[in-house]
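Everything quoted here is computed from the prediction, not taken from an experiment.
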Amino acid sequence: MSFQAYLDTIETKTGLTPRQLLEKAHEKGFDETTKATPIVEWLAADYGLGRGHAMAMVHVITKGPQISDKHVGTGTTHSDPTNTLWLDGKATNPNP
């Protein structure tokens with residue numbers, strides 16, 4: 001599953017875009033200095049997300065939408081089309 005696919009699944013599961021969840025995380029005081037555990041616990045308790053999906057959001061909350069070029073354009077299962085994650089909803093993603 002690509003990184004973007006994790007975020008798209010999170011949107012399906014929660015009804016919130018990754019950007020909306022990012023805003024809610026910031027309202028709770030989570031930012032680039034926050035450790036993963038409290039974010040994972042919050043996402044599990046409030047949205048029922050499992051560890052893998054929660055860790056995708058941990059990355060976005062603590063590191064932003066940039067990802068490594070490692071899997072970009074590789075054509076593998078984990079391949080993403082770009083190194084910048086789309087946070088504004090899967091229906092509006094210009095890189096389907």
Side-chain angles (χ1 to χ4, degrees):
M1 178 180 279
S2 72
F3 205 133
Q4 187 65 54
Y6 268 94
L7 296 183
D8 293 348
T9 300
I10 290 167
E11 181 180 350
T12 299
K13 288 181 175 213
T14 66
L16 299 169
T17 67
R19 186 162 318 277
Q20 290 169 319
L21 275 174
L22 179 61
E23 290 168 2
K24 290 186 177 292
H26 288 159
E27 289 170 8
K28 293 192 75 61
F30 299 144
D31 60 20
E32 66 277 352
T33 66
T34 308
K35 300 287 186 189
T37 301
I39 298 171
V40 170
E41 289 173 349
W42 164 63
L43 291 169
D46 287 12
Y47 300 102
L49 294 182
R51 182 163 179 78
H53 289 94
M55 288 304 292
M57 278 306 302
V58 166
H59 175 91
V60 171
I61 294 164
T62 62
K63 295 178 176 54
Q66 290 295 126
I67 60 172
S68 167
D69 288 331
K70 181 178 179 181
H71 297 294
V72 174
T74 61
T76 64
T77 305
H78 301 292
S79 180
D80 277 293
T82 177
N83 67 356
T84 303
L85 298 168
W86 185 255
L87 303 181
D88 295 313
K90 57 188 174 184
T92 63
N93 190 339
N95 302 304

H78 vs H71 aromatic rings, parallel, tilted or perpendicular, using cut-offs 30° and 60°?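 Tilted, since the angle between the ring planes falls between 30° and 60°.
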
Take L49 and K13 through the test side-chain contact (heavy atoms from CB on, under 4.5 Å) and record every step on the way to the result. CA-CA 8 Å; L49 294 182; K13 288 181 175 213; 4.0 Å; yes

Looking at residues at least two apart in the chain, or sitting in another chain, which of them share a side-chain hydrogen bond (donor to acceptor under 3.5 Å, both in side chains) with T37?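 By the side-chain hydrogen bond (donor to acceptor under 3.5 Å, both in side chains) rule, T37 matches no residue at all.
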
To the nearest 0.5 Å, tell me how far [X] [atom1] sits from [Y] [atom2].
{"X": "W86", "Y": "D8", "atom1": "CH2", "atom2": "CG", "result": "11.5 Å"}
{"X": "H26", "Y": "L21", "atom1": "NE2", "atom2": "CG", "result": "11.5 Å"}
{"X": "M55", "Y": "Y6", "atom1": "CE", "atom2": "OH", "result": "11.0 Å"}
{"X": "N95", "Y": "Q4", "atom1": "CG", "atom2": "CD", "result": "8.0 Å"}

Is there side-chain contact between H53 and L7, with heavy atoms separated by less than 4.5 Å?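 H53 does not reach L7 side chain to side chain.
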
Do I61 and T34 make a side-chain contact, defined as non-hydrogen atoms from C-beta onward lying under 4.5 Å apart?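 Result no, sub-4.5 Å side-chain heavy-atom pair not found.
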
Please step through ring pair (Phe, Tyr, Trp, His ring centres under 6.0 Å) for the pair H59 and F3, ending with a clear verdict. CA-CA 10 Å; H59 175 91; F3 205 133; 5.1 Å; yes

Would you check if there is a donor-acceptor pair between the side chains of Q66 and T84 at a distance under 3.5 Å?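 Short answer, yes.
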
Test K28 against I39 for side-chain contact (heavy atoms from CB on, under 4.5 Å), laying out the working first. CA-CA 10 Å; K28 293 192 75 61; I39 298 171; over 6 Å; no

Compare every heavy atom of [Y] with every heavy atom of [X], then report the nearest pair and how far apart it is.
{"X": "G73", "Y": "S79", "result": "N-OG, 3.4 Å"}
{"X": "P18", "Y": "E11", "result": "CD-OE1, 4.4 Å"}
{"X": "T82", "Y": "I67", "result": "O-CD1, 3.9 Å"}

Selection residues 73-96 - residue pairs positive for salt bridge (charged side-chain N to carboxylate O under 4.0 Å, His left out), sequence neighbours left out: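 Every pair satisfying salt bridge (charged side-chain N to carboxylate O under 4.0 Å, His left out) with a residue in residues 73-96: R19-D88.
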
Which pairs with one or both residues in residues 51-70 pass salt bridge (charged side-chain N to carboxylate O under 4.0 Å, His left out), sequence neighbours excluded?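 Those involving residues 51-70 do not exist here.
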
I10 and L43: CA distance, side-chain angles, deciding distance, side-chain contact (heavy atoms from CB on, under 4.5 Å) verdict: CA-CA 10 Å; I10 290 167; L43 291 169; over 6 Å; no

Applying side-chain contact (heavy atoms from CB on, under 4.5 Å), run through L22 and F30 and close with a yes or a no. CA-CA 9 Å; L22 179 61; F30 299 144; over 6 Å; no

